[in-house]
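The next block holds one structure in the form of C-alpha cells; read it before the comments.
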Amino acid sequence: MGTMSADSGDAGQREALEAKFRLWRAAHKTPSTVLDAHREVLLERVSQSMTFEGEPVAVSRLKTLLEQSGPWSKTPDT
C-alpha cells in the first residue's frame, strides 16, 4: 500500500507541474515572449552559477559589466 500512496503523490506532482507548464506556455506563445522571459532572469542565473563555482558576483556588477560591453540587443542575431 505504501507504493500506491507514493504513486499517487508522483501523479499529483506531475499534474501540478503540467498545470504550471500549461500556464507558462499560455503566457509565452511566441519566441519573443520566451526570449523576454529568459532575459528577465538571466543575470540572476549567471550570478547563482558563478556563486556555485566559487566565483560569486553580484547581479548589480553583472549589469554594470553588461552596460560597459554595449547595448543588449532586444532582437536575436540571425
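FYI, side chains are in, hydrogens and waters are out, and symmetry mates aren't considered; it's all heavy atoms of this structure. The shown structure was predicted, so the numbers you read here are calculated from the model rather than taken from an experiment.
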Worksheet item: Does R22 have any side chain to side chain contact (heavy atoms under 4.5 Å, CB included) partners at least two apart in sequence or in another chain, and if so, which?
Response: E18, A19
Practice prompt. Identify, with sequence neighbours excluded, every residue that meets side chain to side chain contact (heavy atoms under 4.5 Å, CB included) alongside V57.
Written response: M50, R61, L62
Worksheet entry | All side chain to side chain contact (heavy atoms under 4.5 Å, CB included) counterparts of E15, not counting sequence neighbours | none
Fill in: Set of residues satisfying side chain to side chain donor-acceptor pair (under 3.5 Å) with respect to T51, sequence neighbours excluded
none
Practice prompt. Hey, could you give me the CG/CZ distance between L35 and R39, rounded to the nearest 0.5 Å?
Written response: 4.0 Å
Item to complete: Could you state whether V59 and L42 fall into the same hydrophobic cluster, counting links through intermediate Ile, Leu, Val, Met, Phe, Trp or Tyr residues with side-chain heavy atoms under 4.5 angstrom apart?
Response: yes
Worksheet item: Which distance, rounded to the nearest 0.5 Å, do you find between the CZ of R45 and the CG of L43?
Response: 11.0 Å
Fill in: Contacts of S60 that satisfy side chain to side chain donor-acceptor pair (under 3.5 Å) - sequence neighbours left out
none
Fill in: Interatomic distance, K29 atom NZ to T33 atom OG1 [nearest 0.5 angstrom]
9.5 Å
Worksheet entry | Under the side chain to side chain contact (heavy atoms under 4.5 Å, CB included) test, residues paired with S49 that sit two or more places apart | none
